[in-house]
Amino acid sequence: MTNTNEFINHLASKLGRPTPIETPPPVEISVPQYRLSNTEERASIFLQNWQALGGKGAIVKSDNDMLQCLKEWFGDLPVTWFKDNPQALIAWDMLPSIAESAFSTLNWPLTRYTQSSLDPRDRYSIAAHAELGITSSDLGIALSGTIVMNSDPLRGRAVSLLPPRHLAFIETTKIRNNLFEVLEEISALGTPPAAIEMISGPSRTSDIEMDLSIGVHGPIEVYVVVTDN
Amino acid sequence: MTMYNLTTDQRVDKALADNFLRQATRRATDRLRNNKYKASDELGNWEEWRNAGETIRKHVIANLDFYLHQLIEQMEKRGVHVHLAKTPADAVGIVRNIVREHDAKNVLKSKSMISEEIHLNHALEEDGAAAVETDLGEYIIQIAGEPPSHIIVPAMHKTRQQVADLFEPIAGHALSSDTPTLTRFVRIQMREQFLRGDIGITGCNFAVANTGSIVMVTNEGNGRMVSTLPRVQITLMGMERIVPSFRELDIMLNLLARSATGQRLSSYTTILTPPKKSADSDGPEEYHLVILDHNRSEILGDKLFRTALNCIRCGACFNVCPVYRQLGGHAYGSVYSGPIGSVITPLLEKDWKKWGHLPYFSSLCGACTEGCPVRIPLHDLLVKLRMRKTQSGHTPQVEQQIFKAYRYLFTREKTLRRALRLGAHLQWPFVRNHRITGGPAPLSNWTKSRTLPMVAPKPFMQIWADLNNKR
Ligand code: SF4
């Protein structure tokens with residue numbers, strides 16, 4: 001193993017000067033960034049792009065809209081799922097209240113991932129056997145149809161990863177124009193969380209004869225509900 | 001691995017005779033290239049993004065010592081184990097030790113070109129702790145025992161039937177060769193491995209110096225699996241893979257996703273700032289970052305070639321290169337193929353004997369330079385590498401003799417005239433339709449596959465002199 005100072009000094013000698021002590025002045029960057037004029041437009045473009053990637057999405061404005069939307073997407077499936085697996089719906093500890101109340105009205109009980117077991121391997125197994133993973137989303141990107149999720153103790157990273165379906169909730173006001181704005185906002189928070197996951201559509205691969213195939217490792221079906229209060 | 005035992009000529013012949021390979025290469029490169037055009041055109045100001053990308057990369061490389069130091073400090077402050085590897089052997093040793101210490105049985109890997117560069121899989125196999133490749137393409141070539149043929153789509157040279165044949169012994173039953181069946185098989189097969197994984201090994205697309213973060217992009221989600229589920233994670237990174245902060249990351253991620261596959265962002269872009277917080281339910285508790293030099297510091301100190309370190313491994317130069325498009329990646333014989341592979345392999349490996357052919361795997365058309373999102377002057381670097389190779393005395397004897405003879409003749413006018421006159425006479429047995437089509441060695445090396453224009457019966461110098469006389 002090489003000592004850090006030795007390694008860094010070696011690079012400095014290759015660069016022909018001592019290592020700067022202060023952060024070098026940042027380079028100027030001027031690229032025209034993609035911008036939309038208002039929240040409504042951002043929500044609608046976000047949805048369009050999310051759908052173009054193969055995701056399902058809808059904007060809901062009321063509790064009733066939410067119920068309709070979930071019923072339309074999943075119908076009686078959850079009821080069938082529960083017969084075999086009472087933990088078919090696995091979720092973060094906290095979801096937006098409009099989502100929480102919809103699930104209780106529908107009588108679709110949610111298993112909270114972090115409380116599902118003390119042993120991580122058991123938790124993974126529960127999540128992998130679930131039918132639907134449910135999360136919220138901290139931010140969205142209109143340009144790329146992306147949802148952004150910061151990790152934290154009440155949120156399992158596996159919930160959006162292991163089940164074959166992933167459903168996320170996001171508020172219209174959280175949708176940004178582009179990646180730059182999202183990264184800027186996250187930087188402003190100080191030390192980033194252990195993981196920031198940016199998800200744009202379902203898991204995909206073109207590794208066999210360049211033939212697009214969905215769902216090789218991550219979720220096969222992805223859903224976003226954009227809530228507009 | 002048979003591929004590695006062949007000579008360059010044999011590999012090229014093999015590639016040229018493989019119709020499926022050539023067709024597949026063209027299909028893959030066409031698709032990726034066209035997707036890139038769409039994704040870069042849609043920005044409407046691609047050149048400005050390229051400018052920004054080039055500026056950022058140059059700035060990072062010019063201050064690599066500072067940023068690397070900052071990255072290491074940030075990482076260590078939070079309890080990440082940072083390992084600095086001078087050579088591939090050092091890097092392999094570090095990973096081997098970690099695997100041994102944990103007595104790990106299930107080692108999972110997401111895509112990492114560094115792991116290919118250091119031939120990690122081979123070493124772990126010897127220890128009985130083989131790492132399973134989890135990227136579909138990498139998994140296919142791992143079973144086939146072959147190196148990647150494209151940096152983005154490593155198994156593009158395999159037919160779906162070949163893939164089905166490779167999977168069948170693992171499945172234990174016949175598999176139909178349609179893509180959904182094959183993909184589903186891998187999903188089920190790999191799932192169990194993911195859930196049991198002890199150690200995850202990942203690559204690193206970018207490391208953010210001021211936050212101490214690692215950025216990974218995948219489309220399949222295997223990168224997320226490998227960095228979320230195992231208790232221990234090892235990330236391998238080339239020491240140049242740095243951005244100063246999130247501000248520059250925006251530009252680099254846009255350039256990478258758009259240039260590599262034509263996406264606005266890859267399906268999964270993950271920014272890890274490890275290790276996990278103690279209350280977090282998922283993510284590795286123990287995190288190792290292995291930073292590899294492997295002569296990158298030599299390239300850093302070499303003003304002629306420093307820009308080669310700016311590469312973000314997007315593969316765009318592969319997709320526009322007429323040589324790559326004809327041959328695919330295996331003919332190069334190196335881990336990194338395509339134009340950038342031809343540039344960096346001789347510099348990283350420092351072995352002209354083995355890699356001296358690479359700078360010649362180019363028509364010098366410049367398409368690579370034009371396609372590169374960070375504006376690396378690839379074709380220019382290839383010419384300079386040829387020069388380096390010649391200066392180091394590694395050109396073949398015949399070539400050296402020919403150029404000596406050339407210099408000799410062209411610095412002596414009378415002798416040149418005499419030689420041309422002689423040539424005009426001696427060439428006749430080999431001339432067909434005004435072209436020289438054969439001849440003794442070393443000329444035959446050329447005429448085996450091409451013809452030469454014949455020496456004019458009346459040399460230009462004579463024609464010129466006659467014209468002057470007439471005036
Ligand atoms: S040299 Fe340029 S085009 Fe080629 S892989 Fe690197 S960044 Fe991409």
Side-chain angles (χ1 to χ4, degrees), chain A residues 1-2 4 7-8 10-12 14-15 19-20 24 26-27 29-32 113-114 120-121 123-125 128 141 143-144 146 151-153 156-158 161 179-180 183-184 186-187 191-211 213 215-218, chain B residues 27-28 31 45 48-49 52 55-56 59 63-66 68-69 72 83-84 86 136-137 153 155 160 163 179-180 182-183 186-187 190 195 211 213 219-222 224-225 228-229 244 246 249-251 253 264-265 267-274 276-277 279-283 297 300-301:
Chain A
M1 230 194 293
T2 319
T4 305
F7 197 89
I8 299 298
H10 177 62
L11 298 189
K14 291 292 175 187
L15 287 162
T19 302
V27 293
I29 301 174
S30 69
V31 290
Y113 175 79
T114 61
R121 297 249 165 139
R123 282 199 299 271
Y124 301 159
S125 169
I141 306 174
L143 173 62
S144 51
T146 304
S151 68
D152 104 9
R157 282 154 66 178
L161 180 64
L179 175 65
F180 177 79
L183 291 176
E184 203 178 29
I186 297 176
S187 306
T191 309
I196 302 165
E197 311 274 9
M198 304 195 204
I199 302 179
S200 315
S203 156
R204 57 167 64 214
T205 182
S206 297
D207 273 348
I208 301 176
E209 294 197 9
M210 295 304 287
D211 191 10
S213 187
V216 57
H217 294 307
Chain B
R27 176 175 51 203
R31 178 87 57 84
N45 35 47
E48 288 175 55
W49 285 80
T55 314
I56 293 168
H59 170 80
N63 296 288
L64 191 59
D65 50 348
F66 177 86
L68 207 49
H69 192 233
I72 296 168
H83 310 262
L84 301 167
K86 271 280 0 113
L136 176 57
V153 274
R160 58 190 80 204
V163 174
T179 326
L182 297 172
T183 312
V186 171
R187 182 181 176 92
M190 213 53 95
L195 297 180
T211 58
S213 308
N219 278 314
E220 298 180 0
N222 59 318
R224 284 190 66 198
M225 295 277 186
T228 301
L229 307 178
F246 277 14
L249 183 61
D250 164 58
I251 304 282
L253 282 173
R264 289 171 180 166
L265 266 187
S267 303
Y268 301 105
T269 300
T270 302
I271 305 176
L272 301 169
T273 308
K276 73 163 194 167
K277 312 274 179 296
D280 283 353
S281 60
D282 302 340
S297 53
L300 186 68

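Values below: every heavy atom of this structure, side chains too, minus hydrogens, waters and symmetry copies.
- Contacts with chain B were tallied for A/Gly156, A/Pro153, A/Ala195; A/Pro153 has the most, counting heavy-atom pairs under 4.5 Å.
- Contact count versus chain A (heavy atoms, under 4.5 Å) is highest, among B/Leu195, B/Leu182, B/Val186, for B/Leu195.
- Scanning both residues, B/Asp280 and A/Ala194, for their nearest heavy atoms gives OD2-CB, 3.6 Å.
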Criterion side chain to side chain contact (heavy atoms under 4.5 Å, CB included) on A/Val216 and A/Arg204, from CA distance to verdict: CA-CA 6 Å; A/Val216 57; A/Arg204 57 167 64 214; over 6 Å; no

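- Heavy atoms closer than 4.5 Å to chain B are found in the side chain of A/Thr146, but not in its backbone.
- In this structure, A/Ala158 and B/Thr228 approach most closely via the heavy-atom pair N-CG2, 4.3 Å.
- Partners of B/Asp282 under the salt bridge (charged side-chain N to carboxylate O under 4.0 Å, His left out) rule, at least two apart in sequence or in another chain, do not exist in this structure.
- Contact record, A/Ile29 with B/Ala52: CG2-CB, 4.2 Å, taken as the closest heavy-atom pair.
- Looking at B/Asn45, the atoms closer than 4.5 Å to chain A (heavy atoms on both sides) all sit in the side chain, from C-beta outward.
- The most heavy-atom pairs under 4.5 Å with chain A, out of B/Leu272, B/Thr270, B/Leu229, B/Leu253, come from B/Leu229.
- With a 4.5 angstrom heavy-atom cutoff, B/Ala28 touches chain A via backbone and side-chain atoms both.
- If you tally non-hydrogen atom pairs under 4.5 Å between each of B/Gly137, B/Pro244, B/Ser213, B/Gly221 and chain A, the highest count goes to B/Gly137.
- When A/Pro32, A/Ala128, A/Ser187, A/Pro120 are compared by the number of non-hydrogen pairs under 4.5 Å with chain B, A/Pro32 comes out ahead.
- For B/Asn219 (side chain) and B/Ser267 (main-chain N/O), a donor-acceptor pair under 3.5 Å exists by modelled atom type.
- By the 4.5 Å heavy-atom criterion applied to side chains, A/Ile196 and B/Thr269 are not counted as neighbours.
- Within the 4.5 angstrom heavy-atom criterion, atoms from both the backbone and the side chain of B/Ser297 approach chain A.
- Contacts between A/Arg157 and chain B at a heavy-atom distance below 4.5 Å involve backbone atoms as well as side-chain atoms.
- Interface check for chain A: of the options B/Arg160, B/Met225, B/Glu48, the most heavy-atom pairs under 4.5 Å are formed by B/Arg160.
- For chain A, the nearby part of B/Arg31 is the side chain; its heavy atoms alone come within less than 4.5 Å.
- Heavy atoms closer than 4.5 Å to chain B are found in both the backbone and the side chain of A/Glu197.
- Of all the listed residues (A/Gly201, A/Pro193, A/Ser30), the one sharing the greatest number of non-hydrogen pairs under 4.5 Å with chain B is A/Pro193.
- Ranked by heavy-atom pairs under 4.5 Å with chain A, the first of B/Arg27, B/Arg264, B/Lys276, B/Arg187 is B/Arg187.
- Contacts of B/Met190 with chain A are made by side-chain atoms alone, with heavy-atom separations under 4.5 Å and no backbone atom involved.
- Under 4.0 Å is where a charged nitrogen must lie from a carboxylate oxygen, and between B/Lys277 and A/Asp152 no such pair does.
- Put simply, CZ on A/Phe7 and CG on A/Leu11 are 6.0 Å apart, with the number rounded to the nearest 0.5 Å.
- For B/Ile72, the part lying under 4.5 angstrom from a heavy atom of chain A is the side chain only.
- Ranked by heavy-atom pairs shorter than 4.5 Å toward chain A, the options B/Thr183, B/Thr273, B/Leu68, B/Leu300 are led by B/Thr273.
- Under the 3.5 Å distance criterion, the side-chain polar atoms of A/Ser213 are left unmatched by any main-chain donor or acceptor of A/Thr205.
- Considering only residues two or more places apart in sequence or on other chains, A/His10 meets the ring-ring contact (aromatic ring centres under 6.0 Å, His included) condition with none of them.
- For the pair B/Glu220 (side chain) and A/Gly218 (backbone), a donor-acceptor distance under 3.5 Å is absent.
- Of all the listed residues (A/Leu161, A/Leu179, A/Ile199), the one sharing the greatest number of non-hydrogen pairs under 4.5 Å with chain B is A/Leu161.
- Top candidate by heavy-atom pairs under 4.5 Å with chain B, chosen from A/Thr191, A/Leu143, A/Val31, is A/Val31.
- Heavy atoms closer than 4.5 Å to chain A are found in both the backbone and the side chain of B/Val153.
- A distance of 9.5 Å separates OG of A/Ser200 from OH of B/Tyr268, quoted to the nearest 0.5 Å.
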